[in-house]
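Here the structure is laid out as structure tokens; the discussion comes afterwards.
Computed from heavy atoms alone, side chains included, the values below leave out hydrogens, waters and symmetry copies. Residue numbers run from 1 in the order of the sequence given.
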Amino acid sequence: MTDAHVPETPGAHEARGALGGVAPRPLLPSPLRDVEDERFGRHGVRLALKRDDLIHPHLVGNKWRKLVPNLAAAAGRPVITFGGAYSNHLRATAAAGRLLGLETVGVVRGQELAGRPLNPSLARCAADGMRLHFTDRAAYRRKAEPETLAALLRAAGAEDAHVVPEGGSNARAVHGCRALGEELRGRADVVAVPCGTGGTLAGLAAGLGPGQRALGIPVLKGGFLAAETAALQERTFGGRRGDWWLEDGFHCGGYGRTTPALEAFAQDFEERHGLPVERLYVAKMLSALLVLTERGAFPPGTRLAAVITGRPFP
């Protein structure tokens with residue numbers, strides 16, 4: 001299955017068109033590469049990596065797939081979006097704004113951060129031209145409520161901006177991620193993806209073919225993603241699409257958290273396969289897949305594809 005030719009999907013075509021002037025050109029469809037790993041092989045499982053981290057050097061992986069449709073919808077207007085102090089989504093949106101010459105505003109969870117030096121993640125956002133607006137956590141939790149959202153937009157001076165939700169997950173993003181599933185049709189039995197807000201899983205599952213299953217590995221605790229993913233599919237397609245499920249228990253205590261064991265696993269995987277492993281999403285997914293394989297979750301002969309949704313930020 002390695003690097004076989006896959007016809008470009010409609011979603012990939014949209015991505016090329018929306019950011020057609022951005023250099024370098026996006027690598028779509030992204031490569032699917034087999035890896036030899038005896039830890040999976042001894043259980044009869046064949047592992048491949050769907051290298052979405054190679055799509056674009058600045059808009060990596062599922063950020064490209066989710067942001068492109070939303071940036072196209074902005075039609076040149078400023079873009080406002082939301083995230084925590086270490087949000088990959090904020091960084092990707094800021095980078096996209098720099099590449100396209102779009103004004104971007106990031107609403108950051110935590111008013112107490114306003115008077116502190118910016119951490120490396122937020123500093124990168126600012127360097128890419130994003131205007132940061134810090135808000136208290138109570139208001140942030142209610143940002144989906146129309147009155148609270150309107151107040152946040154006013155406070156940020158962005159009342160006319162195009163709103164992109166936290167994590168970029170909405171119906172446009174789900175359509176964008178459906179292309180990921182279409183690129184993998186007939187090329188794996190199970191396709192795994194790390195999940196923060198559910199948008200990538202919702203689109204991936206809808207794009208896969210008959211007999212294929214999508215597996216989501218939540219990187220946040222709380223057990224809310226099944227309902228969120230189902231709701232995204234309902235809003236996008238009018239109902240559940242594809243065969244998908246979630247495996248909780250691999251979040252290492254919550255978003256942004258890791259453990260020494262996860263760090264050791266990620267370093268070992270990097271050495272085995274020459275892949276820079278992003279810790280907050282990708283490492284958790286890959287570690288979960290190995291645990292599940294060792295538990296016998298995948299029958300012998302399973303073709304397992306892991307979507308590499310991002311890479312470590314410098």
Side-chain angles (χ1 to χ4, degrees), residues 30-54 60-63 84 86-89 121 167 180 184 188-201 204-205 213-226 228-229 244-313:
S30 60
L32 181 66
R33 295 176 177 169
D34 294 307
V35 295
E36 295 294 331
D37 194 314
E38 73 278 3
R39 297 172 297 177
F40 291 86
R42 72 171 65 108
H43 298 279
V45 174
R46 290 176 286 167
L47 178 66
L49 305 179
K50 176 64 167 166
R51 296 295 303 275
D52 264 22
D53 58 311
L54 300 177
V60 177
N62 65 340
K63 301 308 179 189
Y86 292 91
S87 169
N88 288 343
H89 169 67
S121 182
L180 171 60
L184 287 162
D189 300 305
V190 176
V191 180
V193 65
C195 298
T197 52
T200 304
L201 176 63
L204 164 68
R213 307 181 71 199
L215 165 60
I217 305 297
V219 301
L220 296 85
K221 62 182 179 180
F224 59 89
L225 266 182
E228 291 288 333
T229 304
W244 58 268
W245 86 103
L246 293 158
E247 289 285 353
D248 286 301
F250 299 100
H251 50 68
C252 297
Y255 183 75
R257 298 188 180 183
T258 62
T259 65
L262 184 70
E263 179 64 29
F265 169 85
Q267 289 182 359
D268 177 68
F269 200 94
E270 288 176 333
E271 293 170 2
R272 288 172 182 262
H273 303 299
L275 171 76
V277 177
E278 188 275 329
R279 297 320 199 240
L280 304 186
Y281 286 84
V282 175
K284 293 178 181 181
M285 172 194 63
L286 293 171
S287 177
L289 293 181
L290 180 56
V291 171
L292 293 170
T293 296
E294 291 172 341
R295 290 177 183 172
F298 309 117
T302 296
R303 293 176 297 163
L304 177 62
V307 181
I308 310 302
T309 53
R311 60 172 177 267
F313 278 113

Can any side-chain N or O of S287 pair as donor or acceptor with the backbone N or O of A283 at less than 3.5 Å? no
Should we say atom CD of E36 is surrounded by more than 12 heavy atoms from elsewhere, each under 6.0 Å from it? no
Around atom OH of Y255, are there more than 12 heavy atoms of other residues, nucleotides or ligands at under 6.0 Å? yes
If you round to the nearest 0.5 Å, how far is [atom2] of [Y] from [atom1] of [X]?
X    : Y    : atom1 : atom2 : value
M285 : E278 : CE    : CD    : 9.5 Å
L304 : L292 : CG    : CG    : 9.0 Å
T197 : L220 : OG1   : CG    : 9.0 Å
R303 : L32  : CZ    : CG    : 10.0 Å
N62  : Y281 : CG    : OH    : 8.0 Å
D52  : K63  : CG    : NZ    : 12.0 Å

Decide yes or no on side-chain contact (heavy atoms from CB on, under 4.5 Å) for V190 and W245, but give the supporting numbers first. CA-CA 11 Å; V190 176; W245 86 103; 4.0 Å; yes
Taking side chain as C-beta onward, heavy atoms only, is [X] less than 4.5 Å from [Y]?
X    : Y    : answer
V219 : L280 : no
T293 : T302 : no
R51  : P31  : yes

Pairs involving residues 250-264, ordered by first then second residue, that meet salt bridge (Lys or Arg N to Asp or Glu O under 4.0 Å) (sequence neighbours left out): E263-R279
Would you mind listing every salt bridge (Lys or Arg N to Asp or Glu O under 4.0 Å) that reaches into residues 213-226, with sequence neighbours excluded? R213-D243
Could you note down all residue pairs passing ring-ring contact (aromatic ring centres under 6.0 Å, His included) where residues 287-312 supplies at least one of them, sequence neighbours left out? none
Taking all non-hydrogen atoms of both residues into account, name the closest pair between [X] and [Y] and its distance.
X    : Y    : value
G216 : C195 : CA-SG, 3.5 Å
G310 : D53  : O-CB, 3.8 Å
L47  : A306 : CD1-CB, 4.4 Å
D248 : G223 : OD2-CA, 4.3 Å
P299 : V45  : O-CG2, 4.4 Å
R295 : F250 : NH1-CZ, 4.1 Å

F40: what forms a ring pair (Phe, Tyr, Trp, His ring centres under 6.0 Å) with it, not counting sequence neighbours? none
Check step by step if side-chain contact (heavy atoms from CB on, under 4.5 Å) holds for T309 and V193. CA-CA 8 Å; T309 53; V193 65; 3.8 Å; yes
For K50, salt bridge (charged side-chain N to carboxylate O under 4.0 Å, His left out) partners two or more places apart: E183
Applying salt bridge (charged side-chain N to carboxylate O under 4.0 Å, His left out) to D268 and not counting sequence neighbours gives R39, R272
Check against side-chain contact (heavy atoms from CB on, under 4.5 Å), L201 and L246: CA-CA 9 Å; L201 176 63; L246 293 158; 3.6 Å; yes
Worked verdict on L54 versus R33 for side-chain contact (heavy atoms from CB on, under 4.5 Å): CA-CA 12 Å; L54 300 177; R33 295 176 177 169; 3.8 Å; yes
